Amino acid sequence: MLITIPELLNQAQLAKIKEVVATARFVDGKLSAGMAAERVKENEELEQEPQLQQRLNRILMASVGHNARFRSFTLPNRMADFIVARYQPGMHYGDHVDDPIMGGGKFRTDVSMTVFLNEPETYEGGELVIRTSFGDRKVKLAAGSAVVYPSSSVHHVADVTQGERLVALTWMQSFVRDAAQRELLFELDQAREHLLRTEPDSEHAKAVDRSYANLLRMWTDV
């Protein structure tokens, strides 16, 4: 299962990110790729300069941390620093799955997120294509919107034929390792939140709230 999060970033945040990126240096994306990914990766990534990284993370993490839909779907335990990637004409990223362990072995990657930083009409191609049990899902969202999906999914970035694709990427270790369990918890949490808003004192609301809490307790991996 994958979800989209419209308007994760507002216009002021997008403008600030682009201001930071405009003064930065990009390097070959292969420098951060594993052995398998290196063969299919053709992009550029923002150079990992500490002060620059801190500024970008402050902007991005603030939005992510306050987004209820993101928290409900990912149940984040640990999270990687964001990477900003750039695709110019002729660049792409072939079929791959994300590295299973990141942060120098500090955490497992369960969930991946791509935040789109420029408008889809400013570049041609560059769709994120995620393989699902129902076929390939092509994703190309408005600037500031994000897509979140299991890190185990096979996915690729289609060739950019014109313009520039700019995205921010991160990965999370979830408190719930199993993707199917996370999906059930997400759907149950959506129903729970609705009931708690509309009929908080009902027995149905209390039962769903209790079931969600106990399933999360049963499945949490700490």
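Owing to the predicted nature of the structure, the values given are computational and were not obtained by experimental measurement. Hydrogens, waters and symmetry mates are skipped; everything else that's a heavy atom, side chains included, is used.
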Examine distances only and state if a side-chain atom of [X] and a backbone atom of [Y] form a donor-acceptor pair shorter than 3.5 Å.
X      : Y      : value
Asn118 : Glu164 : yes
Thr132 : Gly135 : yes
Arg71  : Pro76  : no
Arg165 : Gly126 : yes
Asp178 : Ala180 : yes
Ser72  : Ala68  : no
Thr109 : Met172 : no
Ser174 : Leu75  : yes
Asp99  : Met102 : no

Cluster question for you: counting only ILVMFWY and a side-chain heavy-atom cut-off of under 4.5 Å, with indirect links fine, are [X] and [Y] together?
X      : Y      : result
Val148 : Leu60  : yes
Leu195 : Leu215 : yes
Val27  : Leu56  : no
Leu169 : Tyr123 : yes
Phe116 : Trp171 : yes

Could you go through the side-chain contact (heavy atoms from CB on, under 4.5 Å) check for Val64 and Phe82 one step at a time? CA-CA 11 Å; Val64 167; Phe82 277 88; 3.9 Å; yes
Testing the basics here: between [X] and [Y], what is the closest heavy-atom pair and its distance to 0.1 Å?
X      : Y      : result
Val20  : Arg55  : CG2-NH2, 3.5 Å
Lys18  : Leu117 : CE-O, 2.9 Å
His92  : Gly90  : ND1-O, 3.7 Å
Ala205 : Leu196 : CB-CD2, 4.4 Å
Ala24  : Leu46  : CB-CD1, 3.3 Å
Gly163 : Pro89  : O-CD, 3.2 Å

What's the spacing between [X] [atom1] and [Y] [atom2] if we round to 0.5 Å?
X      : Y      : atom1 : atom2 : value
Thr114 : Ile83  : OG1   : CD1   : 11.0 Å
Leu188 : Glu183 : CG    : CD    : 12.5 Å
Arg131 : Asp95  : CZ    : CG    : 5.0 Å
Met91  : Thr161 : CE    : OG1   : 13.5 Å
Glu19  : Thr23  : CD    : OG1   : 8.0 Å
Asp136 : His156 : CG    : NE2   : 7.0 Å

Step by step, work out the side-chain contact (heavy atoms from CB on, under 4.5 Å) result for Glu193 and Arg197. CA-CA 6 Å; Glu193 289 292 331; Arg197 283 194 306 269; 3.7 Å; yes
Pairs flagged by side-chain hydrogen bond (donor to acceptor under 3.5 Å, both in side chains) wherever residues 33-46 is involved - sequence neighbours left out: Lys30-Glu42, Ser32-Lys41, Ser32-Glu45, Lys41-Glu45, Asn43-Tyr87, Glu44-Arg86
How about [X]: does its [atom1] atom have over 12 heavy atoms from other parts shown lying under 6.0 Å from it?
X      : atom1 : result
Lys140 : NZ    : yes
Gln51  : CD    : no
Arg69  : CZ    : yes

Side chains of [X] and [Y]: closer than 4.5 Å at any heavy-atom pair?
X      : Y      : answer
Arg217 : Asn214 : yes
Asp110 : Arg182 : yes
Phe175 : Asp221 : no

Could you tell me which residues satisfy ring-ring contact (aromatic ring centres under 6.0 Å, His included) with Tyr149, sequence neighbours excluded, listed by chain and number? His155
Which side-chain N or O atoms in residues 1-10 pair as donor and acceptor under 3.5 Å with protein atoms at least two apart or in another chain?
| residue | atom | partner | partner atom | Å |
| --- | --- | --- | --- | --- |
| Asn10 | OD1 | Ala12 | N | 3.1 |
| Asn10 | OD1 | Gln13 | N | 2.8 |

Starting from the C-alpha separation in whole Å, work towards a yes-or-no answer on side-chain contact (heavy atoms from CB on, under 4.5 Å) for Arg108 and Arg177. CA-CA 9 Å; Arg108 181 185 69 242; Arg177 178 194 295 253; 3.2 Å; yes
Matching residue for Asp98 among Ser112, Ser153, Ser152 - test: side chain to side chain donor-acceptor pair (under 3.5 Å): Ser112
Any salt bridge linking Asp189 with Arg192? Criterion: basic side-chain nitrogen under 4.0 Å from a carboxylate oxygen. yes
